[in-house]
Structure formats: C-alpha cells, structure tokens
**Q** 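Would you mind keeping the following structure in view while I ask a few things?
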2 protein chains.
Amino acid sequence: MANHGDNPITEAEDRFVTAWGQMGSAWGISRTMAEVHALLYITGDALCTDDIMARLEISRGNASMSLRALVDWGIVFRTHKRGDRKEYFVAEQDIWTMARAIVRERLKREVEPLLASLHEIRDLSSKSGAETEAIEAHNERIENLVAIFELIELLVQRFVSPSGEGLEAAAMLLNQSHTRDERDEREGRG
Amino acid sequence: MANHGDNPITEAEDRFVTAWGQMGSAWGISRTMAEVHALLYITGDALCTDDIMARLEISRGNASMSLRALVDWGIVFRTHKRGDRKEYFVAEQDIWTMARAIVRERLKREVEPLLASLHEIRDLSSKSGAETEAIEAHNERIENLVAIFELIELLVQRFVSPSGEGLEAAAMLLNQSHTRDERDEREGRG
DNA sequence: CACGGTTTTCAGTATTTTCTGAAAACAACC
DNA sequence: GGTTGTTTTCAGAAAATACTGAAAACCGTG
C-alpha cells in the first residue's frame, strides 16, 4: 500500500487491508484478492480499477483479475457513474450476506468435489468383494467421511441458503443453547 | 505415490490421499501434510517415517516436518513398537475428535490473530476524534467485523471445547431445526 | 563416552503460485 | 467504421512456498 495520508482512519484502513490479506492467504485465497476486497469493504466506496491499483500498488492485470474473482464470488459488484465510462466496484456491505456468499462458494468449490471423490472411492472400495476385518474397517472410515461431509453440506445448504437469513438464526440458536447449557451446568445438570 | 499393488483397497487409499491432499491445499495446508494425514487416517495403521516416505515418495525431511506439524495439530500421535527403536505414527481415528482439533487449531492460528488486529484497529479508529458521517460508518464496519468474529470465536469455543462432545450435539441441533423448519414450511408457515 | 540407529534441521533447489505489462479485445461515441 | 478510453488476457518474470538431502543433533546401549 502507498503511504498515503496518515490520519487515523486511513491508517486503520491500511491495517485492516493487511490483516484481511493475511487471513485470506491462510485460507487459500490470494493475498491480493483478499486485500482488494478488504479495501472495498472498509472504505465502503465505489472504486475504479485505477483507484485500487494506486492504493494497493498493484498492476492493472492483477487488479482486473482479482476484481473479476471477487465478482464471481458474489461479494463485490460492478457499478457505473453517470458520465463516466469507467467501471466502479463496491463490496457487499452486509456482513452476513458476505459470510453466506463466502461459505456457499467454498462449499461449492471444495466440499462438493471432495464428496464426489469420496463417493467414487466408496464405490471402488465396496467392489472389493472380500470382507476381511481390515476391509470392513477401511469401508467404515470412508463411510464416516462421507457422513461428516454430507452433514456439513446439509447444514451449509440449510443455513447459507440463497433464500437468506439462517446464518444469523443459527448463530442465535447456538448462542442460546450455549447460555442454556451454562445455566444447566451451574444448576448441576451434567 | 508409488504404484504399489492394485487391489481396489490400495487404489481407494491412493485416491483418498490425492483427494484429501487437494482439499488441504485449497485450505492453505501444504499438500504433502494433508497427504500424510490422509494416508495415516485411511490405513488406520501405525506407520514409521520410512513407510510414509516410500508410499508417498517424499524425502525424509519432508516426512519429518509434515509429521511434526500433524502432531502439533493434535490429529496424529507418536507411538512405539516393542523392540523397535523407530517412531511410529497413528492418526486420530474418531472423526469428530479430528474435526474438533482442526477447527480449534485454525481458530487459534487465524481467527485469534485477526481479532487481535481488529481490536487494535478499533482503538486506532476511535482515536480519530472527529465524528463525520464517514468516520461513523467506518467505525461501524469495524464493529461489525469484531462482532462476527467474536461470535465465531464464541461458538467454536463452545462446540469445539476441549471437554469434548458438542460438535455432534451442534450438528444434531442444527439438523433438528432443519427438519423442523422444513415441516413448518410444508405446513405453510413462512 | 564412542557407536549405530534414528530424527531433526536447514541451506539450497525445485515447484507452484502470483504478478506484471504490453497487446488484444471490447465498447461507447462521433 | 474509425477513434478513443477502458477492460481483459496471458506469456513470461518474480515471488512465495514446498521439498530435498546431507549434515548435525539426538539417544539408547555396550
């Protein structure tokens, strides 16, 4: 990032961009893509490619590709300004909508392919015919994996469904059960 | 992986190792580390470094580092065999225990540092003094992020707590609420 | 405390991923 | 349909990451 102005807000923005970029890369997302998203989110402004290039000191190509990826993820949108040919970009500002989009997209890109593989592997394994104890155990491990990932898929589909809400509801629900269980504990239910 | 034997089980194992390795790298974990884990999990055996080196065709150094990381994550354990000086490694076989360990570790490594940054950023931002509308909006965005990540932290701590169970319980809970809501929907509650 | 078996470390190398920049494609306007 | 401002693409360059292999450290034993 360029060392533009140094009022607290600008510094806060830069720091957030950095922190979000780091988190992104720990989660298998390109640092720059996460930083572009961070910048759009934290400023809340509609920025054009040149704004982003300047502020993050990245090339046009990189900015373009990152933006396209963010638009594909559904957490950044294209806009236009009257009398200006350029495209501008704004980040989804509702944090729950954003969270839903991210979780949904990761499900689609990573969990679903894994599940597909697991299903294939299951078929393959079950063709083994012989039923030694070792094979039984192997099959059970595969089953367990299928079960947990199907559960994850189900939960995500339910709570991150396109229809909306749900994640917040889940949070409430879990949170409630949290406090309820704590009370139970205090009252001596094991 | 070496093209050892080609009975369906061995092939299934190899395929699982590959699939798990891919998923791992999509989630910011080194491919090899995920593959080593996959191998230990899917065979269920206690394997020594040389077994792993041979099966995955990796160097001793790589095997050693991957294993140490897996042990740090708490999803692989060291063991020994009578009359054998070598160390052997076994994967946690309970899939829920494994899931808890993974989630807990990621919380610690990625969410907590992010939260620490967000707190700092919040302090920084609030020092701004001036209270223009833009600054208000900025502060609110930071607040929202802090709120959502603190919620995540809370939920994870609750359901992935060292004490155990909990994740399954959460799954049940969510699953129930899922089926309940579906029924509600069928009955025409919007 | 020297030896053989084993594990860890880490400098250097290889691989993968990301980024750049210039050229091509596009699109609004005249 | 040519001009101009803008975006996309992508081959090659740079950076980041992961891996190797050999040396060092470790460790139980005689």
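As a basis for the values below, the full set of heavy atoms in this structure was taken, side chains included, without hydrogen atoms, waters or symmetry mates.
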**Q** Using nucleotides 25-30 of chain C, report all nitrogen or oxygen pairs with the protein that are shorter than 3.5 Å.
**A**
from, atom 1, to, atom 2, distance (Å)
dA28(C), N3, Arg85(A), NH2, 3.0

**Q** List the residues meeting salt bridge (charged side-chain N to carboxylate O under 4.0 Å, His left out) with Arg60(A), not counting sequence neighbours, and say none if there are none.
**A** Asp50(A)

**Q** Supply the atom-to-atom distance Leu40(B) CG to Leu70(B) CG, rounded to the nearest 0.5 angstrom.
**A** 7.5 Å

**Q** Quick check on Glu136(B): does its CD atom have over 12 non-hydrogen neighbours (other residues, nucleotides or ligands) under 6.0 Å away?
**A** yes

**Q** Taking any atom closer than 4.0 angstrom to a non-hydrogen atom of chain A, what span of DNA chain D does the protein reach, first nucleotide to last?
**A** dT4(D) to dC10(D)

**Q** Any sub-3.5 Å donor-acceptor pair from His119(A)'s side-chain atoms to Leu115(A)'s backbone N or O?
**A** yes

**Q** Quick one: side chains of residues 19-28 of chain A, donor-acceptor pairs under 3.5 Å with protein atoms, not counting sequence neighbours, listed by atom name and distance.
**A**
from, atom 1, to, atom 2, distance (Å)
Trp20(A), NE1, His37(A), ND1, 3.0
Ser25(A), OG, Gln22(A), O, 3.1
Ser25(A), OG, Arg31(A), NH1, 3.2
Trp27(A), NE1, Glu110(B), OE1, 3.4

**Q** Can you pull out the residues from residues 60-80 of chain B that lie within a 4.0 Å heavy-atom distance of DNA chain D?
**A** Gly61(B), Asn62(B), Met65(B)

**Q** Just to verify, what does Arg141(A) make a salt bridge (charged side-chain N to carboxylate O under 4.0 Å, His left out) with, not counting sequence neighbours?
**A** none

**Q** For DNA chain D, what residues of residues 39-50 of chain B have any heavy atom nearer than 4.0 Å?
**A** none

**Q** Report yes if the side chains of Glu153(A) and Phe149(A) come closer than 4.5 Å at any heavy-atom pair, otherwise no.
**A** no

**Q** Answer yes or no: is there a donor N or O on one side and an acceptor on the other, between the side chain of Asp51(B) and the main chain of Cys48(B), under 3.5 Å?
**A** yes

**Q** Using only heavy-atom distances, determine whether the side chains of Asn7(A) and Thr10(A) contain a donor-acceptor pair under 3.5 Å.
**A** yes

**Q** Closest approach of Ile75(A) and Ala101(A), non-hydrogen atoms and distance?
**A** CG2-CB, 3.7 Å

**Q** Counting only heavy atoms and a strict 4.0 angstrom limit, can you tell me which residues of residues 26-33 of chain A come near DNA chain D?
**A** none

**Q** For Lys81(B), which residues count as a salt bridge (charged side-chain N to carboxylate O under 4.0 Å, His left out) partner, sequence neighbours excluded?
**A** none

**Q** Run the side-chain contact (heavy atoms from CB on, under 4.5 Å) test against Arg85(B) and tell me which residues pass, sequence neighbours left out.
**A** none

**Q** Can you list the residues that meet the side-chain contact (heavy atoms from CB on, under 4.5 Å) rule with Glu140(A), with sequence neighbours excluded?
**A** Asn144(A)

**Q** So, for Ala46(B) and Thr79(B), which heavy atoms are closest and what is the spacing to 0.1 Å?
**A** CB-OG1, 4.2 Å

**Q** How would you list all residue pairs meeting salt bridge (charged side-chain N to carboxylate O under 4.0 Å, His left out) that involve residues 61-78 of chain B, not counting sequence neighbours?
**A** Arg78(B)-Glu87(B)

